[in-house]
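Okay, structure first, notes after.
Note that ligands are numbered from 1 as they come in the structure, with each ligand's atoms numbered from 1 the same way. These numbers come from the heavy atoms of this one structure, side chains and all, not from hydrogens, waters or symmetry mates.
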Amino acid sequence: MALPYHERTHHCGELRGTDVGKTVLLVGWVQTYRDHGGMVFIDLRDRGGVTQLFFNPDTDPLAHGVARSLRSEYVIAVRGEVVSRGAMVNPKMPTGEIEIAVHEIDLLNKSETPPFPIENDIDTNEDLRLKHRVLDIRRPVVRDALVLRHKITKSIRDYFADNGFIEIETPILNKSTPEGARDYLVPSRLHHGSFYALPQSPQIFKQLLMIAGMDRYFQIARCFRDEDLRADRQPEFTQVDVEMAFVQPENVMQHVERCIAAAAKVAMGIDVPLPLPRISYAESMAKYGKDAPDMRYNMTIKDVSEVVRKIDFRVFAEPLAKGGVVRCIVVPGGGEMTRKETDGLTEEIKGIGAGGLPLVKVVEEGGKIVPQTGIAKFLSDGEVFAEICAATGAKPGDLIMFAADNEANVCKYLGWLRQEVAIRRGMIPENDWKFCWVVDFPCFGWDEDAKAIYPMHHPFTSPKDEDLGYMKLGTDETPPAADLLKMRAKAYDVVLNGIELGGGSIRIHRGDVQRKIFQLLGLSDEEAKEKFDFLLEALKFGAPPHGGIALGLDRIVMLFGKFGSIRDVIAFPKNARASCPLSLAPGHVADSQLEELGLRVVKSK
Ligand code: ASP
């Protein structure tokens, strides 16, 4: 008689020594098959884990006969008795104390030979794994990633639900919201020539919800951005989207950090000390060269512009004369770095635009601290070098590496260098989790190519009250870019180990301020109306002060689970060419579908 597989008693990761003697019914996939002189051993796998089965030809010849026909990934149900493995305990397996003496077996389905072994450590290229994602997900690492994602998502959802937030869905078929990336467009069948855009984020809708009085919203929202897929991006990704009314940045930040701490506890069992440190954008750029500082190691950037002004060295003097800066990092014990290592760094820093990598070793000679190699001869003035060492804390044995250029470039070069050196010299402690908030971002950045300002976060971000004066509100005047670039925003990013987990801001809730910002960003009144009329209209009807944030869920799961890529934590990810190797999306459509949509495809050459 067939075994009632729907009445399984345990999953395959569940049984322990204390279960010995029980009769159990298990179901799952054949992981491995071993024939030991008549006795057949099978590792049976399901979502919960693996249990060893054995089939004895003397006591259970029928079951043994079936077992001998089993192959990898066959689907079976078995009934048998839990027995102790005695001296053969396998401490590496949670179920390693026991095995099942199988008395009955049902073969529920066969399987072709899988294209790669269903094991954690396999040497198979990712496209093949993604093509056979069904089998790939059977591998414990991938399964665990999806389970972890579920747990983190649930803890986030629970946090917000328990704190008075309500989950509201916003539309997927939209007009485009400008988050800076390209939209995915969906042609309309009923309005030929018109297109929906998939949301890059629910930004405007969550603001509308605040104006609608639905204070405290959240959503685990799918977002779509049609960008060139650099490194680790996905065309669709998931954001934890949050918005609150009547708040200042602190209120949003407090909730978000508590929510992140709760998720970190669930995912990693760690206690994140709260409140998280807050650092201003300006300080982050000055010390770390980036707006997402990695605080797991020191080696912060030091400014030596004033000291080196005193020496005659063209590489420093020229940028200083143009209003630039000279900054450095001190590599502890870096004096031991080989010429090959520093030459390698020099080549790479040139690759990101620097003219070179001026450096000098700090050595002790006859009781005196002196410069050696690199630019040592320009620092032969003992006093200047002593001042540099004092200002930077450099000690004998250290290596000082400099960058001299305009401030933005120096940040870029030293931000990169600080991280590269830390990685290469093993300075980053393992299992260290350094979260922080970066606050007081500038409202605008400067686009050198377009010679225009652009919104650092997005155009709905509120300037800080004390900086509103730079905007010349209530006039048609456009203030000088230099003034606008001084404006700081009520914007904040949360960062983990040098990686941005998410960012948000307090929004503009005054129609006049919003219109002025659009105008400063070069949007004519007509364009602003065409694109954002529904927001501008809503702002007329008693919009409360409001603000929020969006966190990258994929990234959080990836980091908390120590995975190498966000593809590892998405069930069915796209590859670097934005295709799905499994379903082969995107695909062609029938001519009749195009006709209905009023579309004609121009064949690319
Ligand atoms: N909508 C923003 C983003 O996707 C986040 C926010 O401001 O809440 O980056």
Review point. Should R225 be listed as contacting ligand 1, given a heavy-atom distance under 4.0 Å as the test?
Key: yes

**Study point:** Proximal ligand 1 atoms for Q239, defined as those under 4.0 Å from one of its heavy atoms
**Key:** 4 (O)

Review point. Are the charged groups of E420 and R424 less than 4.0 angstrom apart, N to O?
Key: yes

Review point. Are any of the N/O atoms in S201 less than 3.5 Å from those in ligand 1?
Key: yes

Review point. Quick one: which ligand 1 atoms are inside 4.0 Å of a heavy atom on I549?
Key: 8 (O)

Practice item. Run the salt-bridge test on D136 and R139 with the 4.0 Å N-O cut-off and return the result as yes or no. Key: yes

Check your understanding: Can you tell which of L501, D241, I220 makes a side-chain contact (heavy atoms from CB on, under 4.5 Å) with L553?
Key -> I220

Exercise for review: Work out whether the distance between some heavy atom of E243 and some atom of ligand 1 is less than 4.0 Å.
Suggested key: no

Practice item. Could you tell me which residues satisfy side-chain hydrogen bond (donor to acceptor under 3.5 Å, both in side chains) with K350, sequence neighbours excluded, listed by chain and number? Key: none

Review point. Do any N/O atoms on R507 end up under 3.5 angstrom from N/O atoms on ligand 1?
Key: yes

Study note, to complete from the structure: So the atoms of ligand 1 within less than 4.0 Å of a heavy atom of K206 turn out to be 6 (C), 8 (O)

Check your understanding: Quick one: are R216 and F160 in side-chain contact, heavy atoms under 4.5 Å?
Key -> no

Check your understanding: Q200 near ligand 1, heavy-atom distance under 4.0 Å?
Key -> no

Check your understanding: Counting each atom of ligand 1 from 1 as listed, which ones have a heavy atom of Q203 under 4.0 Å away?
Key -> 1 (N), 2 (C), 5 (C), 6 (C), 7 (O), 8 (O)

**Study point:** Qualifying residues under ring-ring contact (aromatic ring centres under 6.0 Å, His included), relative to H255, sequence neighbours excluded
**Key:** Y159, F165

**Study point:** Heavy-atom side-chain proximity of S462 to S505 below 4.5 angstrom
**Key:** no

